[in-house]
Amino acid sequence: QVQLVESGGGLVQPGGSLRLACTASGSFFSIDAMGWYSQAPGKQRELVATITSDSVANYATSVKGRFTISRDNAKNTVYLQMNSLKPEDTAVYYCNADALFYTGSVFRANYWGQGTQVTVSS
């Protein structure tokens, strides 16, 4: 089993910044791809950014140039630096991770965190 614990959400004014963090813990062999997704009220969950185990990043068009995803493999932690925040960025942000397990062979399982609220408002 894997637990993903997010932190760093909160209330910020338009144009401000926040840094989200998500740490994976549990009995896994390693963590592969990690990512952040957002879900605004009444909308479907959507991709914000993903990052591979060797730190190749992918971003939604709406956040390119404003958000930066990074990771610390030694800490099994992924970060999302959010700059120039806009009211439309308001959402619950969820961490996602692929964990690898080894029991004679390797298998992969996907996990979600509980979410952290980001509110951008003056």
Side-chain angles (χ1 to χ4, degrees):
Q1 188 69 314
V2 176
Q3 295 79 44
L4 301 178
V5 179
E6 300 120 330
S7 61
L11 173 64
V12 63
Q13 292 186 342
S17 298
L18 282 175
R19 189 192 195 206
L20 306 183
C22 170
T23 299
S25 62
S27 301
F28 49 82
F29 175 70
S30 68
I31 297 293
D32 198 358
M34 304 184 81
W36 291 95
Y37 292 72
S38 66
Q39 187 167 19
K43 295 187 176 181
Q44 290 190 335
R45 192 172 299 186
E46 58 185 25
L47 180 146
V48 176
T50 61
I51 187 167
T52 65
S53 57
D54 53 359
S55 294
V56 175
N58 178 58
Y59 297 94
T61 301
S62 61
V63 306
K64 280 183 180 178
R66 299 189 298 123
F67 292 8
T68 302
I69 190 170
S70 61
R71 64 189 289 168
D72 184 334
N73 289 336
K75 296 180 180 179
N76 294 313
T77 298
V78 63
Y79 304 96
L80 186 68
Q81 179 65 44
M82 310 165 68
N83 298 329
S84 302
L85 282 160
K86 305 175 181 179
E88 50 264 43
D89 295 320
T90 295
V92 177
Y93 283 73
Y94 294 91
C95 177
N96 180 269
D98 280 343
L100 302 180
F101 301 86
Y102 182 76
T103 57
S105 60
V106 176
F107 70 94
R108 177 190 303 268
N110 186 261
Y111 295 89
W112 291 94
Q114 80 286 353
T116 185
Q117 177 71 45
V118 171
T119 302
V120 185
S121 175
S122 55

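Everything numeric here is computed off the predicted structure, so don't read it as measured data.
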Handout entry: side chain to side chain donor-acceptor pair (under 3.5 Å) partners of D89, counting only residues at least two apart
Key = R66

Handout entry: Pairs touching residues 39-50 that satisfy salt bridge (Lys or Arg N to Asp or Glu O under 4.0 Å), sequence neighbours left out
Key = none

Practice task
Apply side chain to side chain donor-acceptor pair (under 3.5 Å) to N83 and list each qualifying residue two or more places apart in sequence or on a separate chain.
Solution key: S17, Q81

Practice task
Search all heavy atoms of A97 against all heavy atoms of I31 and return the closest pair with its distance.
Solution key: CB-CG2, 4.2 Å

Practice task
Determine which pairs satisfy disulfide bond (SG atoms under 2.5 Å apart) with at least one residue from residues 20-121, sequence neighbours left out, and list them in order.
Solution key: C22-C95

Completion exercise
Minimal heavy-atom distance between L85 and L18, with the atoms involved, is CD1-N, 3.8 Å

Practice task
With sequence neighbours left out, write down each residue that passes side chain to side chain donor-acceptor pair (under 3.5 Å) with T52, or none if nothing qualifies.
Solution key: D54

Exercise for the section: Please confirm whether the backbone N or O of Q114 pairs with a side-chain atom of E6, one donor and one acceptor, at under 3.5 Å? Expected result: yes

Handout entry: Side-chain donor/acceptor of T90 to backbone N/O of V120, under 3.5 Å
Key = yes

Practice task
May I have all residue pairs that pass ring-ring contact (aromatic ring centres under 6.0 Å, His included) and include part of residues 47-79, sequence neighbours excluded?
Solution key: none

Practice task
Please name all residues satisfying side chain to side chain donor-acceptor pair (under 3.5 Å) with T119, sequence neighbours left out, ordered by chain then number.
Solution key: Q117

Practice task
Have a look at T50 and tell me which of V78, N58, N96 forms a side-chain contact (heavy atoms from CB on, under 4.5 Å) with it.
Solution key: N58

Exercise for the section: Starting at CG of L80, measure out to CD1 of I69 and round the result to the nearest 0.5 Å. Expected result: 6.0 Å

Exercise for the section: Check A99 against V2 and note the closest heavy-atom contact, atom names and distance. Expected result: CB-CG2, 3.7 Å

Fill in the blank from the handout: Members sharing L47's hydrophobic cluster, built from side-chain contacts under 4.5 Å between Ile, Leu, Val, Met, Phe, Trp and Tyr, are Y37, V92, Y94, W112

Practice task
Identify the two heavy atoms, one from S122 and one from P14, that lie closest to each other, and give their separation to 0.1 Å.
Solution key: N-CD, 3.7 Å

Fill in the blank from the handout: Shortest non-hydrogen pair, T77 vs A21, comes out as CG2-CB, 4.5 Å

Problem - Side-chain (N73) to main-chain (S53) donor-acceptor, under 3.5 angstrom - result: yes

Practice task
Using the side chain to side chain contact (heavy atoms under 4.5 Å, CB included) rule, take M82 and V12 through it: C-alpha gap first, then chi angles, then the decisive distance, then the call.
Solution key: CA-CA 11 Å; M82 310 165 68; V12 63; over 6 Å; no

Practice task
Go through T116 and S7 one step at a time and tell me if the side chain to side chain contact (heavy atoms under 4.5 Å, CB included) criterion holds.
Solution key: CA-CA 7 Å; T116 185; S7 61; over 6 Å; no

Exercise for the section: Could you list who else is in V5's hydrophobic cluster, with ILVMFWY side chains joined at under 4.5 Å, directly or through other members? Expected result: none

Under 3.5 Å, side-chain donor or acceptor atoms of residues 100-108 against the rest of the protein: list the pairs with distances, not counting sequence neighbours.
unit_1	atom_1	unit_2	atom_2	d
Y102	OH	G104	O	3.4
R108	NH1	D32	OD2	2.7
R108	NH2	D32	OD2	3.1

Exercise for the section: Name all residues meeting the side chain to side chain contact (heavy atoms under 4.5 Å, CB included) criterion together with Q44; count only those two or more places apart in sequence or in a different chain, and write none if there are none. Expected result: none

Handout entry: Side-chain touch N76/S25, heavy atoms, less than 4.5 angstrom
Key = no

